[in-house]
Structures are given as structure tokens and as C-alpha cells.
Number of protein chains: 2
Amino acid sequence: MKRTTIKDLAQMLNISASTVSRALKDHPDISSSLKLKVKEAAETFNYIPNDFAINFRKNHSKVVGLIVPEISMFFIPSIINGISSVLNKEGYRFFILSSNESYETEKEHIETCINSRVDGILLSMTNETADSSHLNKVKEMKIPVVIFDKTIPQRQFASVVFDNVKNAELCAEKLINYGCRTILGIFGDENLDITQSRLAAFQNTIKKAENIELHTIFCKSTDSVKQQLNEVLKEHNFDGFFAMSDETLMGLHSSLIKKNLNNSGKKVIAISEGTLPKHLDENYEFIINNGFTMGVFAANELMNTIKGESPNTECYYI
Amino acid sequence: MKRTTIKDLAQMLNISASTVSRALKDHPDISSSLKLKVKEAAETFNYIPNDFAINFRKNHSKVVGLIVPEISMFFIPSIINGISSVLNKEGYRFFILSSNESYETEKEHIETCINSRVDGILLSMTNETADSSHLNKVKEMKIPVVIFDKTIPQRQFASVVFDNVKNAELCAEKLINYGCRTILGIFGDENLDITQSRLAAFQNTIKKAENIELHTIFCKSTDSVKQQLNEVLKEHNFDGFFAMSDETLMGLHSSLIKKNLNNSGKKVIAISEGTLPKHLDENYEFIINNGFTMGVFAANELMNTIKGESPNTECYYI
DNA sequence: TTGAAAGCGCTACCAC
DNA sequence: GTGGTAGCGCTTTCAA
């Protein structure tokens with residue numbers, strides 16, 4: 001069970017530990033013949049550097065904490081892929097902490113990150129999170145943080161979010177151009193920033209066209225979409241639908257199928273993460289919010305500030 | 001940037017570091033008055049224990065490595081949730097490493113886990129992985145490993161997999177009981193263990209009934225299902241479908257919608273992870289492979305052996 | 001070109 | 001009850 005250490009190697013070769021250390025990392029001071037010998041010994045005795053000791057010594061962990069409001073299938077896999085791709089390349093690992101949409105848990109996770117000495121934090125907030133006071137400590141400690149996707153207005157940390165306004169406008173325009181007259185807009189949790197900005201942009205664009213009747217519903221889950229649609233679909237005859245997310249789209253799709261309303265010429269436009277819904281119905285149209293890209297972007301931003309670039313507090317729209 | 005250490009606290013209070021350490025963790029030897037003083041000081045000077053030093057000292061990391069073949073939306077989110085729920089409770093973290101279906105990458109990730117001194121490994125194999133020789137080292141080092149879901153026949157480590165035989169049989173029986181006569185079985189990658197066992201069980205059960213015409217296709221992706229279905233749906237008039245996974249089901253669903261074949265009384269039965277497809281079409285039926293449960297089970301098994309239970313090599317079917 | 005020694009923060013053993 | 005000390009494995013001065 002005991003693993004070979006530098007000291008062990010040093011004893012075997014009758015040289016000092018510092019020399020072994022240097023030889024192992026190709027320090028120019030060491031003669032190439034010694035380097036060879038040391039490396040051979042390391043190989044044969046299966047020497048594995050102890051990352052603990054190294055991190056401890058260098059006072060960094062090469063680990064970043066990823067805190068998300070929930071681990072959903074719609075967004076998380078692609079974001080994880082995006083984050084992985086940049087972090088792994090840089091030799092960093094990350095662990096995932098899910099807040100389960102609880103502010104208290106989010107707070108605890110922040111503490112966890114501080115205690116485990118992460119080099120940085122990637123944070124997407126719960127919908128309970130109303131201010132950033134729980135981040136004061138990380139700010140003080142100068143732990144790099146970048147907030148992504150679910151965020152609140154703040155000027156302390158860099159953030160990267162989807163361009164809700166542009167995307168919702170694009171969707172509205174599509175519906176208008178198709179000549180839709182009675183439109184249903186399906187939105188997520190009414191309390192969310194993201195919902196409000198998409199709602200406003202969508203409504204404003206629709207208003208510019210004339211004679212369009214716009215109905216809106218707010219749903220916190222896929223099932224809630226289905227329930228509300230059950231009623232509202234009876235009362236109106238929509239010729240166009242807008243879903244602000246994959247989650248709401250799933251509910252719409254389900255209801256449409258159930259009422260045999262698919263393939264009926266009705267237009268469906270959604271803001272989507274993109275990996276899932278393309279298989280739902282080929283007639284649906286999407287404005288893509290790419291989670292992978294967001295993950296890459298957020299992780300890169302974090303890497304930059306970890307590596308010493310002065311931390312900025314900008315909000316990037318992608 | 002310098003953080004308060006135990007030594008700092010000791011100096012301030014004019015006591016020794018060891019006393020501070022003990023006071024902080026409520027050692028019975030320490031007087032309660034001193035404990036109070038120490039804890040107060042710790043509070044006011046914002047003392048945060050350095051997990052690095054602790055881990056380094058105790059020679060454990062409280063971290064486990066999770067290696068998966070890919071980060072897909074179908075399975076991974078629920079498995080992560082299952083794993084989180086047990087690991088977090090135990091004060092463990094985990095980091096996710098995706099092999100991207102490459103054996104070489106899987107091998108590297110194993111190395112990564114060894115180097116970063118994880119306390120255990122949770123592994124789901126790529127479809128390229130044919131033997132477990134890359135696990136010899138972890139075996140030697142006595143690093144606890146449990147393999148889940150995607151695995152190969154081996155007798156070195158504990159594993160937990162879905163009961164493919166039972167589930168495929170159940171699906172076949174359902175189709176038979178519905179009186180289906182022309183059935184299409186949609187299977188995943190033909191080289192996978194999981195595919196073969198589901199295939200065999202499904203075929204055998206169907207064979208027992210008489211006069212059933214069974215067609216099968218093998219598809220490595222959702223898109224491949226759609227392509228193949230494009231042809232095969234023209235040639236035959238199926239009254240029953242079996243999809244062995246969420247991924248294949250997505251393709252089937254998409255094709256059915258496109259050809260306006262949903263709501264046509266055809267039966268669709270699938271083995272599913274369960275979170276996604278319930279929203280696809282309420283008429284579909286599922287045998288649920290619960291990723292959350294599997295995650296919980298696998299993580300528990302790992303925890304047990306990390307905590308010193310003698311490692312077993314059993315294969316659990318759930 | 002190599003070695004000796006200190007020290008990262010913490011805990012555990014042994015004294016007293 | 002409390003303090004002193006050693007040591008986990010590694011890197012990094014500083015000295016030779």
C-alpha cells in the first residue's frame with residue numbers, strides 16, 4: 001500500500017531528494033546521465049508524484065467547483081462537456097455541486113468550495129437566489145468566480161449569459177413572418193430574470209406587428225406546461241407557438257401529440273439548447289442556445305483570471 | 001490573501017497549536033472554557049481549516065473519480081444525481097471525467113485518478129473497452145473501484161448493471177399480450193454487451209409466442225435510427241415497436257411523428273431511463289432503468305469498500 | 001552540478 | 001489538560 005516517494009528514490013540511488021525532484025522535472029542544472037538514471041528508477045519502482053503534497057506545497061488545488069441549481073438533462077450535459085473540454089486541457093479537474101434550487105444549499109456549496117481550496121468557482125444560481133451577499137467571502141478571498149446562465153444583476157464578478165433579448169426577438173420575427181395570427185408564448189418561472197427578459201423582448205416584437213393576438217403562460221416545469229395547455233388549447237385556436245426553453249418545449253410537444261395537433265401546419269419556434277429537440281419533430285424551428293459554447297466561454301474566462309489576469313466584472317452575451 | 005492558520009490562532013491566544021487543533025474538534029481533554037475562547041478566535045479571524053493539509057496528513061482525499069464513456073443527456077444527469085446524493089452526505093466530492101468513447105482516454109483518466117489520489121473510482125466503460133487490464137494498477141494499489149452500467153465480464157471488481165434479461169423479457173411479453181404480430185426491435189450498438197443480452201432475451205421471449213414476425217435493426221445513434229427507419233418503415237407494416245434505450249426511442253419517436261404514425265394504435269414499448277420519454281407520448285410504455293437508483297447503489301457500494309469493508313467482486317442486477 | 005534544510009498546515013504521539 | 005515535536009511528500013532557497 002505504501003507508495004514510492006521521492007525520498008525512497010533518493011535513498012536507492014544514494015542521492016538527495018532535491019536532486020531527484022529536479023531530475024524528474026528536467027531541471028537544466030541536472031546532468032542528463034543522472035536524469036536518465038532517476039527516471040529509470042522512477043519507472044521501475046512505479047513512482048507516482050503525490051498531487052496532495054504538490055498542491056499543498058504550491059498552495060493551489062488545480063480544481064474548480066461547479067455549482068448548478070439542478071442537474072437537469074436539458075442543459076447540464078452540454079455545459080459539462082464544454083467546461084470539461086477547456087479545463088481538462090489545462091490540467092484542471094472540477095467537481096459538481098447541485099443546489100437543488102435551494103439558496104441555502106448554494107450557500108453551503110460556496111463554503112464547501114472555499115474549504116476544499118478550489119482555485120475557482122463556476123456558478124449558476126438557483127431561482128431562490130436574490131442577491132450575491134453569499135459571495136462576499138469569495139470576493140474577499142479573491143477566489144476567481146464566473147457566473148453563467150442563471151444569474152442576477154450584479155457588478156462583482158464576470159458572467160456569461162445567453163442573449164435573451166436577441167433570441168426572443170428572432171423567434172417572434174419568425175412567427176410574424178410565417179403569418180401567424182394567434183400565438184401562444186410559453187414561458188418558464190415568472191420570477192426568473194431570464195424569463196422576464198425573454199418575455200419582454202418577445203412581447204415587444206410581437207406588438208410591432210399588427211393584429212396579432214398573443215397569449216402567454218408561465219410554467220415552472222414540463223408537467224405544468226402540459227396541465228395549462230390542457231385548458232388553454234381548448235379555448236383558443238393557435239397557429240403559432242413559442243417555447244422559451246427545452247423544458248417548456250417538451251410540454252408543448254407532449255400536448256400537441258396528445259391532441260393530434262402535430263403535422264397540422266401550426267408553427268412551433270423555440271429557444272433551445274439544441275441537443276434534444278431536433279429529434280422531437282423536424283418541423284419545429286429553433287434558435288439555439290448552445291450550452292457547450294457557454295461552458296467553454298465560462299471556463300476560459302475562469303482560467304484567465306486564475307492564471308492571474310486581472311478579474312473583470314463584465315457580462316458577456318453569447 | 002494569507003489565510004488564518006492554526007498556528008496563527010495559537011500565537012494570538014498564547015497557547016500551542018496542538019491545543020488549538022484539539023479545541024477546534026472538541027477533544028474531551030480540553031477544558032470547555034478554552035474551547036470557547038479558541039472557537040471565538042477562530043470565528044473572528046475567519047479561520048478555515050486547510051483541507052489540503054488535512055488530506056495530506058491523513059493520506060486520503062475525500063474525492064472519488066467518476067469516469068463515464070460520454071456525457072449524454074439520457075443517462076448521466078440522473079446517475080450524477082444518484083451519486084451526488086450519497087457522496088455529499090458522506091462528505092465526499094467527485095469529479096467527472098468523460099472518455100468520449102475512447103479506450104485510450106479511459107486509460108488516461110484512470111491514471112489521472114491514481115495521480116490525484118482519489119479514494120475510489122466509479123467507472124462506466126467505453127464501447128471500445130474489451131478487457132480490464134488497464135485496471136491492474138488500481139487493483140494492485142487497492143484503490144476501490146466499482147463499475148456500473150457499461151461493463152465487460154470480469155471478476156476483479158464489484159459492478160452494478162441493469163437486469164437486461166428481465167427487462168427485455170418484460171417488454172417482449174407486453175408486446176405479445178397486446179397481440180402484436182409484426183414487431184420491430186430497435187437495438188443499440190451491436191458490439192455492446194448490453195445490446196446482446198437485451199437482444200437475446202427479447203428474441204427468445206418473442207420466439208415462444210407463435211406467428212410473430214420479428215425484425216431487428218442496430219443503431220449506434222439516434223440519427224442512425226431515423227435513417228434506418230426511413231427504409232424499413234416503407235417495407236413493413238409494424239404494429240409493435242421495441243426500443244432498447246432512450247436514445248433509440250428518440251429516433252423511433254421522431255420517425256413516427258414524421259410519417260404521421262403516432263396515434264395510430266401501434267404499440268411502443270421501451271426500456272428507458274425514465275426522465276425524458278414520459279413527455280414524448282403518453283401512449284408509450286416503459287420498463288424503467290432508473291439511473292438515480294443505479295447511481296445510489298454504485299456509490300454506496302464504493303463507500304462501503306472505501307470505509308474498509310472487504311472489497312467484493314459481485315455483480316449486482318438492479 | 002548536487003546536497004542540506006526549512007517549511008507548507010495539520011495531527012498524533014509522548015511528555016509533563 | 002496542555003505543550004513540544006515529529007512528520008506526511010514535495011519544492012525551493014541557500015550553500016557548497
Side-chain angles (χ1 to χ4, degrees), chain A residues 1-42 45-63 91 114-119 141 143, chain B residues 1-42 45-63 91 114-119 141 143:
Chain A
M1 198 55 202
K2 165 130 184 21
R3 282 134 106 135
T4 312
T5 69
I6 283 194
K7 227 197 251 170
D8 297 335
L9 255 27
Q11 260 165 11
M12 294 171 188
L13 299 171
N14 262 315
I15 55 178
S16 77
S18 31
T19 308
V20 175
S21 172
R22 279 178 289 222
L24 251 17
K25 46 175 55 66
D26 272 324
H27 196 282
D29 278 358
I30 307 292
S31 69
S32 44
S33 62
L34 221 199
K35 276 182 195 169
L36 209 68
K37 247 190 282 180
V38 171
K39 285 178 183 174
E40 262 180 27
F45 292 100
N46 193 23
Y47 168 74
I48 298 170
N50 186 339
D51 280 1
F52 276 4
I54 298 175
N55 290 337
F56 178 42
R57 183 79 229 283
K58 300 205 172 170
N59 209 38
H60 66 204
S61 59
K62 294 275 187 181
V63 167
I114 296 177
N115 290 343
S116 21
R117 300 303 220 250
V118 296
D119 288 347
M141 299 183 141
I143 299 174
Chain B
M1 200 52 202
K2 168 140 181 12
R3 281 134 107 136
T4 312
T5 70
I6 282 193
K7 226 198 251 171
D8 296 335
L9 255 27
Q11 259 166 11
M12 294 171 189
L13 299 171
N14 261 314
I15 56 179
S16 79
S18 30
T19 307
V20 174
S21 172
R22 278 178 292 221
L24 250 19
K25 50 174 53 66
D26 272 325
H27 191 103
D29 277 358
I30 305 291
S31 68
S32 44
S33 63
L34 221 196
K35 275 182 195 168
L36 209 69
K37 245 190 282 179
V38 172
K39 285 178 183 174
E40 263 180 28
F45 292 101
N46 194 22
Y47 167 73
I48 298 171
N50 186 339
D51 280 2
F52 275 4
I54 298 175
N55 291 338
F56 177 44
R57 182 82 228 284
K58 300 204 172 172
N59 208 39
H60 65 206
S61 58
K62 295 275 187 180
V63 168
I114 296 176
N115 290 343
S116 26
R117 299 301 220 254
V118 296
D119 289 345
M141 299 182 142
I143 299 174

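Below, read A as the first sequence line, B as the second, and so on, with proteins coming before strands; counting in each chain starts at 1.
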Colleague: Distance check needed: dT11(C) C1' versus Asn55(B) CG, whole Å only.
Modeller: 13 Å

Colleague: So if I define the base as every atom that isn't primed, P, OP1 or OP2, how would nucleotides 8-16 of chain D read as a B/S/- string at a heavy-atom cutoff under 4.0 Å?
Modeller: BBBBBB---

Colleague: Inspect the surroundings of NZ in Lys37(A) and state if more than 12 heavy atoms from other residues, nucleotides or ligands are less than 6.0 Å away.
Modeller: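 No, the 6.0 Å shell around NZ holds no more than 12 heavy atoms from other groups.
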
Colleague: Send over the distance from Asp51(A) CG to dC8(C) C1', rounded to a whole Å.
Modeller: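 Going from Asp51(A) (CG) to dC8(C) (C1'), I get 16 Å.
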
Colleague: Roughly how far, to the nearest 0.5 Å, is CG of Asp8(B) from CZ of Phe45(B)?
Modeller: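 If we round to the nearest 0.5 Å, Phe45(B):CZ and Asp8(B):CG are 9.5 Å apart.
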
Colleague: So Met12(A) and Lys7(A), do their side chains get closer than 4.5 Å, heavy atoms only?
Modeller: no

Colleague: Quick one: Leu13(A) CG to dT2(C) P, roughly how many Å, whole number?
Modeller: 12 Å

Colleague: Please report, rounded to the nearest Å, how far the P atom of dT2(D) is from the CD atom of Gln11(B).
Modeller: 19 Å

Colleague: Mind listing the closest non-hydrogen atom pair of Ser16(B) and Ala10(B) along with its distance?
Modeller: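 Between these two residues, the closest heavy atoms are C-CB, 3.7 Å.
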
Colleague: Starting at CG of Asn115(A) and ending at C1' of dC10(C), how long is that distance when rounded to a whole Å?
Modeller: 15 Å

Colleague: Return the value, rounded to whole Å, for the distance between atom CG of Asn14(B) and atom P of dG1(D).
Modeller: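 It works out to 21 Å between those atoms.
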
Colleague: Do the ring centers of Phe52(B) and Phe56(A) come within less than 6.0 Å of each other?
Modeller: no

Colleague: Between atom CG in Leu9(A) and atom C1' in dT2(C), what is the gap in whole Å?
Modeller: 16 Å

Colleague: Rounding to a whole Å, what distance do you find between Phe52(A):CZ and dC10(C):P?
Modeller: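 Whole-Å distance recorded here is 15 Å.
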
Colleague: In Å, rounded to the nearest 0.5 Å, how long is the span from CG of Leu24(B) to CG of Leu9(B)?
Modeller: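 Reported to 0.5 Å precision, the distance equals 7.0 Å.
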
